[in-house]
Participant: 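Let me begin by handing over the structure; questions about it come next.
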Amino acid sequence: MRCLRVMSEVRTLTAITKDGEFFRQIADLAMRVTSELDAGEVSAALAEASDLCGADAAAFASFVKDDEAYESYRFILACDPTWCLEYESNACYMHDPWLEYTRRRSEATLAKDIPARTTQQIEVVALARRFGFASAIVVPAQSPQGLTRLGALCLGSAQRDYFDEQTLTAVSVALTGLVVRLHAWQTATLRDELLTRTRLSQDDLALLAQQRQGRSSKEIASMTNTTSQGVDSRWQRLNAKLGVSSRATAAQLAAEYGLI
Amino acid sequence: MVLKSCASATGYLTALSAPVLLAVGAWLDKPALAGGTVLLLFPLARLAFGAFHGSADREWHPRVGRLLDHLPHIYVVVLAAALATVLWNLHTHSLTTATGLQWILSLWVVLMLATCVAHELLHRKNRTERFLGHALTGVAGYPVLGYEHVRHHHLRGNTSAAEWPKLSDSVWAFGGRRLRRIASETVGPKGMAWLGNSSSPTVRGLRNGLTASLLTWAAFGVAGGWTGAAVYALTALIVACGVQLVTYMQHWGLGDDHLPDAKSRELAWEDDCRFEAWLTMSMSVHQTHHVDAGRPYYCLEPTPGSPRMPAGYVLLMVAALIPPVWRRTMTPALEYWLAHPELSPSAGRRVLCVAAYRR
């Protein structure tokens with residue numbers, strides 16, 4: 001996180017995007033985001049991208065599409081820490097219309113074109129506007145292979161019309177690569193966290209993969225020379241490790257985290 | 001091993017007892033049977049079954065574990081059958097004020113306990129089970145429970161958002177404040193039920209619950225006429241208040257107005273009554289649930305060092321309704337826990353352990 005940037009050099013976004021160097025610099029930045037980086041380094045890269053775009057604030061959110069418990073939400077932030085605290089302590093992610101947009105659409109858009117209709121949505125947008133997102137662009141990222149973890153980069157400016165229709169395409173094209181890399185970094189980090197927390201063995205991962213392929217206990221037992229009761233026992237322990245109540249959910253969870 | 005595991009798991013079948021009693025009451029035309037039994041006899045079960053030692057470390061036999069996983073589904077079927085029996089009774093018997101009140105009492109008790117099962121389903125990761133959970137909250141007369149509960153988990157310890165009661169709050173003040181807030185966010189003029197986006201699972205769940213409530217209300221109307229509809233409407237209203245009452249009991253004195261680190265600790269009063277844990281699908285083991293919300297009900301046990309209630313839920317519900325009695329009962333327990341945060345006294349097989357906190 002960093003404090004709201006005070007812009008010393010005012011340059012319009014149109015001028016920035018007409019400079020070919022801008023696209024090269026953003027692409028270089030995206031290439032630097034690898035799974036070897038730690039959270040601080042990724043946050044610094046995001047801040048750098050924000051600076052290159054002449055923006056004042058940037059936030060990348062990652063979450064599972066159907067997560068009703070809001071437990072899968074993770075953020076990489078390069079914006080005013082006061083906003084971060086307010087956003088977190090008021091659980092604003094539960095009502096954020098910009099994240100909501102990411103659930104149903106994959107193309108980049110201007111935040112002003114996303115309607116805020118409920119009382120809570122209006123409050124969330126008002127809070128963002130106070131802290132460097134007076135105008136903003138939202139660039140979503142989807143997961144491949146039927147997985148449902150989504151990502152969204154929100155780049156904001158304290159100037160009301162900094163991001164507009166004229167620059168939307170250029171900025172979104174420039175940022176798409178970075179968004180994909182941030183999404184991949186976040187997924188890899190979550191996968192490592194889950195592996196550390198649950199201490200899943202290679203056998204566990206193989207079992208999850210077999211379930212994902214739709215194999216029954218009997219089929220798995222015959223493949224691994226064990227009894228189906230033994231396979232059931234392993235499932236029981238595995239479900240407990242992952243904190244889920246069924247093997248189908250366990251396999252889906254493992255797939256969402258990129259384990260299988 | 002299967003038999004031993006089965007024997008340990010049998011207690012959780014207690015969760016089915018309330019809808020079964022409701023059905024028997026409807027069949028025998030004894031409307032107060034379920035309410036009376038749960039409120040008057042069940043609190044005494046502690047004398048027989050004693051304290052709950054939990055099952056977190058117990059490895060359930062896979063088949064028993066699967067059965068316990070399916071118990072909430074079985075419950076939904078049993079509850080549906082019980083409510084059908086009540087509807088049949090309302091359709092075939094004329095309703096007097098006395099029988100109407102008795103039905104409200106029994107339905108309130110059964111539907112309050114149904115919210116515990118709905119709560120378990122709402123925490124499942126499977127989409128169909130969550131759908132069932134929302135539908136059950138609707139049938140129970142409190143369709144906003146799904147949203148309210150997620151909010152509760154994410155605004156832990158927060159007294160200004162009315163998620164945890166303030167130390168100075170009475171249940172009436174807290175319940176009123178919380179109900180107003182939740183109602184405005186969900187079904188108010190700019191509420192998410194009407195204006196929220198259906199791509200949000202929270203909004204979909206809320207609408208699903210509201211639909212289930214309306215359908216249940218209509219079923220009561222068809223079966224019992226206006227009086228039947230009134231019985232369900234009044235029950236739903238009292239269920240909504242009952243949910244606030246339980247939240248108050250579970251978190252009073254443990255919010256950020258009183259404890260600076262409340263937001264990071266997710267503190268809750270726990271009751272170690274074994275029977276109550278069976279009956280409520282471990283809702284009484286509340287702090288443990290807050291710490292690991294996705295853990296199945298049959299894998300929960302009281303957190304060592306958690307604040308412990310000086311009596312069971314039924315007795316404390318009555319105490320909470322009378323603020324001076326509540327303070328007299330709970331203040332010593334709170335002070336005891338603050339002074340001995342590592343101790344968790346158990347009432348053992350006693351129904352009350354208020355005296356233990358006064359020493």
Side-chain angles (χ1 to χ4, degrees), chain A residues 63-73 85 88-97 99-105 114-123 148 150 217 227-253 256, chain B residues 2 56 59-66 68-70 72 120 122-127 129-130 133-134 146-147 149-156 158 160-161 163 184-186 188-205 256 263 292-299:
Chain A
F63 57 98
V64 171
K65 191 175 184 179
D66 271 327
D67 176 15
E68 208 179 327
Y70 298 89
E71 285 167 349
S72 64
Y73 283 61
L85 283 173
E88 203 271 333
S89 65
N90 291 313
C92 290
Y93 40 84
M94 286 180 70
H95 303 286
D96 193 329
L99 298 185
E100 210 49 69
Y101 171 84
T102 307
R103 275 188 215 276
R104 56 185 201 280
R105 305 291 286 270
I114 302 172
R117 295 187 293 186
T118 68
T119 310
Q120 293 79 48
Q121 285 177 341
I122 293 165
E123 283 171 7
T148 63
L150 304 171
S217 291
T227 61
S228 61
Q229 208 174 10
V231 174
D232 284 346
S233 266
R234 282 178 58 199
W235 270 118
Q236 194 69 20
R237 284 194 292 275
L238 190 48
N239 287 347
K241 272 187 192 177
L242 291 170
V244 297
S245 58
S246 78
R247 55 174 74 182
T249 314
Q252 176 65 23
L253 184 77
E256 293 289 2
Chain B
V2 190
E59 197 166 299
W60 295 99
H61 186 275
R63 284 182 195 163
V64 176
R66 264 209 304 277
L68 288 171
D69 266 338
H70 286 304
E120 169 68 22
L122 289 170
H123 276 290
R124 298 267 171 105
K125 288 195 167 66
N126 180 293
R127 200 173 163 173
E129 290 187 297
R130 289 204 311 270
H134 283 294
Y147 167 69
H149 192 67
V150 172
R151 187 182 187 275
H152 179 65
H153 273 283
H154 285 269
L155 296 176
R156 49 191 171 258
N158 192 329
S160 55
E163 284 307 336
S184 133
E185 290 181 7
T186 52
K190 284 195 171 178
M192 55 201 291
W194 330 120
L195 300 177
N197 198 298
S198 55
S199 63
S200 155
T202 312
V203 173
R204 283 200 305 269
D256 59 1
K263 283 184 177 169
D292 189 358
R295 207 173 175 81
Y297 69 95
Y298 52 85
C299 294

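Quick note on labels: first sequence line is chain A, next is B, and so on, each numbered from 1.
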Participant: Is B/His154 reaching over with its side chain to a backbone N or O of A/Ala69, donor-acceptor style, under 3.5 angstrom?
Facilitator: yes
Participant: Identify which part of B/Asp292 has an atom lying under 4.5 Å from any heavy atom of chain A, answering side chain, backbone, both or neither.
Facilitator: neither
Participant: Does NZ belonging to A/Lys65 count more than 12 external heavy atoms closer than 6.0 Å?
Facilitator: no
Participant: Before you tell me yes or no, could you show the steps for A/Glu100 and B/Ser199 under side chain to side chain donor-acceptor pair (under 3.5 Å), namely the whole-Å CA-CA distance, both residues' side-chain angles and the distance that decides it to 0.1 Å?
Facilitator: CA-CA 7 Å; A/Glu100 210 49 69; B/Ser199 63; 3.3 Å; yes
Participant: Out of curiosity, B/Ser184 OG to A/Gln120 CD, how far, rounded to the nearest 0.5 Å?
Facilitator: 6.5 Å
Participant: Counting heavy atoms not belonging to B/Arg127, are there more than 12 under 6.0 Å from its CZ?
Facilitator: no
Participant: A/Glu68 versus chain B, heavy atoms under 4.5 Å apart: side chain, backbone, both or neither?
Facilitator: both
Participant: Who wins among B/His149, B/Lys125, B/Glu185 for the most heavy-atom pairs under 4.5 Å with chain A?
Facilitator: B/Glu185
Participant: Do B/Lys190 and A/Ile122 have side-chain heavy atoms sitting under 4.5 Å apart?
Facilitator: yes
Participant: At a heavy-atom separation under 4.5 Å, does A/Asp67 approach chain B through its side chain, its backbone, both, or neither?
Facilitator: backbone
Participant: Taking side chain as everything from C-beta outward and backbone as N, CA, C, O, which of these in B/Arg204 sits under 4.5 Å from a heavy atom of chain A? Side chain, backbone, both or neither.
Facilitator: side chain
Participant: At a 4.5 Å cut-off on heavy atoms, which part of A/Thr119 comes close to chain B: side chain, backbone, both, or neither?
Facilitator: both
Participant: Heavy-atom pairs under 4.5 Å with chain A are the metric here; pick the option from B/Asn197, B/Asn126, B/Val203 that has the most.
Facilitator: B/Asn197
Participant: Chain B: which of A/Gln121, A/Arg104, A/Glu71 shares the most heavy-atom pairs with it under 4.5 Å?
Facilitator: A/Arg104
Participant: Report the option among B/Arg124, B/Arg66, B/Arg130, B/His153 that has the most heavy-atom pairs separated by less than 4.5 Å from atoms of chain A.
Facilitator: B/Arg130
Participant: Quick one: what part of B/His134 sits under 4.5 Å from any heavy atom of chain A, side chain, backbone, both or neither?
Facilitator: side chain
Participant: Quick one: pull up OG in B/Ser200 and CG in A/Asp96 and give me the separation to the nearest 0.5 Å.
Facilitator: 11.5 Å
